[in-house]
Number of protein chains: 2
Amino acid sequence: MTDQAPDKRTQLTGRLREARKLAGLSQGQVAKLLGLHRPSVSEMEAGNRRVSSEELSQLAGLYDVSVAWLVGEVADTLDAADPKLQLAARELSKLKPEDLERLLKLLAAMRDDAPDTKGA
Amino acid sequence: MTDQAPDKRTQLTGRLREARKLAGLSQGQVAKLLGLHRPSVSEMEAGNRRVSSEELSQLAGLYDVSVAWLVGEVADTLDAADPKLQLAARELSKLKPEDLERLLKLLAAMRDDAPDTKGA
DNA sequence: TCCGGTCCGTAAGATTATCTTACCATCTGT
DNA sequence: ACAGATGGTAAGATAATCTTACGGACCGGA
């Protein structure tokens with residue numbers, strides 16, 4: 001028990017759960033897809049279990065997120081600035097072009113309607 | 001058939017060693033910096049030992065590389081993608097968090113609604 | 001050549017984490 | 001209330017990792 005830096009671990013566990021739910025998957029589904037058991041996934045998200053690098057890659061693929069975001073690493077790209085942006089953009093890529101166009105207009109409307117928060 | 005898809009693992013181990021040497025560190029140095037023993041690092045690079053997500057982050061920091069590269073993941077999925085997606089991401093970054101949340105749910109619903117062609 | 005030092009790979013027993021199965025609580029829709 | 005699904009947790013069996021140690025390969029100096 002030489003827990004010296006639980007920050008990263010907590011971040012990972014939180015994001016594992018968040019990404020899973022956003023992907024619309026249950027722990028059981030994930031377990032079956034990764035060839036694991038339900039309790040394993042449960043304790044992974046609880047932080048009571050390690051997540052190997054292989055599992056990390058598989059989870060990232062399943063949830064359509066990057067391993068960098070899962071482990072809380074900051075890259076210098078656009079997606080890294082806002083964690084959820086990558087996920088959202090990923091979803092956008094699956095839309096039909098016409099839907100994407102519509103969504104872009106909607107986004108512009110939302111932004112124009114409520115400008116605020118941070119500048120720059 | 002013990003080795004059917006060792007791509008990811010082989011890639012990780014190979015890159016672990018490559019990154020370490022490029023960083024000018026010995027296994028002993030890495031072991032001490034991570035609070036491990038020399039044999040552990042040795043077997044990590046040999047692929048006979050798992051690398052946890054925490055260790056992965058620490059190693060990436062030590063070697064000054066990204067975890068995405070270590071595991072063989074393509075980091076920048078966004079920037080290299082369609083210009084339209086990039087534009088969409090820019091719009092997303094201007095949204096308020098609550099709006100982004102709403103949008104994520106909407107996207108998840110759209111994807112869930114559409115017929116899927118079983119992925120990875 | 002011989003020596004001292006460093007680096008790395010590997011083995012065997014002790015230690016630890018993980019797996020497997022099972023049970024329980026909660027929530028939802030009928 | 002019932003049935004189904006989801007998620008948290010416990011205990012023994014299992015498999016991994018840790019710890020220590022030994023040995024080989026390499027390099028520069030006497």
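Proteins get letters first, then strands, A, B, ... in listed order; numbering begins at 1 in each.
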Any side-chain heavy-atom pair from [X] and [Y] closer than 4.5 angstrom?
X	Y	answer
Gln27(A)	Arg17(A)	yes
Thr13(A)	Met44(A)	no
Ser57(A)	Glu73(B)	yes
Gln58(A)	Leu62(A)	no

d([atom1], [X]; [atom2], [N]) in whole Å:
X	N	atom1	atom2	answer
Leu36(A)	dA15(D)	CG	P	16 Å
Met44(A)	dG8(D)	CE	C1'	14 Å
Leu25(B)	dC8(C)	CG	C1'	15 Å
Leu34(B)	dC18(D)	CG	P	11 Å
Lys21(B)	dT6(C)	NZ	P	18 Å
Asn48(A)	dG7(D)	CG	P	16 Å
Arg50(A)	dT17(D)	CZ	P	9 Å
Arg49(B)	dT16(C)	CZ	C1'	12 Å

Can you tell me if CZ on Arg38(A) sees more than 12 non-hydrogen neighbours from other groups inside 6.0 Å?
no
From the set [options], return the single nucleotide nearest to any side-chain atom of [X].
X	options	value
Pro39(B)	dC18(D), dA21(D), dT9(D)	dA21(D)
Ser42(B)	dT18(C), dG9(C), dT17(D)	dG9(C)
Arg17(B)	dG9(C), dC18(D), dT6(D)	dG9(C)

Taking only N and O in the side chain of [X], is any of them less than 4.0 Å away from OP1 or OP2 of [N]?
X	N	value
Gln27(B)	dT6(C)	no
His37(B)	dC18(D)	no
Arg20(B)	dC7(C)	no
Arg38(A)	dT20(C)	no

Terminal axes of the helix from dG4(C)-dC27(D) to dT30(C)-dA1(D) (5 end pairs apiece), angle rounded to 10 degrees, sit apart by 40°
Minimal heavy-atom distance between Tyr63(A) and Val30(A), with the atoms involved, is OH-CG2, 3.4 Å
Decide, yes or no, whether a salt bridge links Arg50(A) with Glu55(A) under the criterion of side-chain N to carboxylate O below 4.0 Å.
no
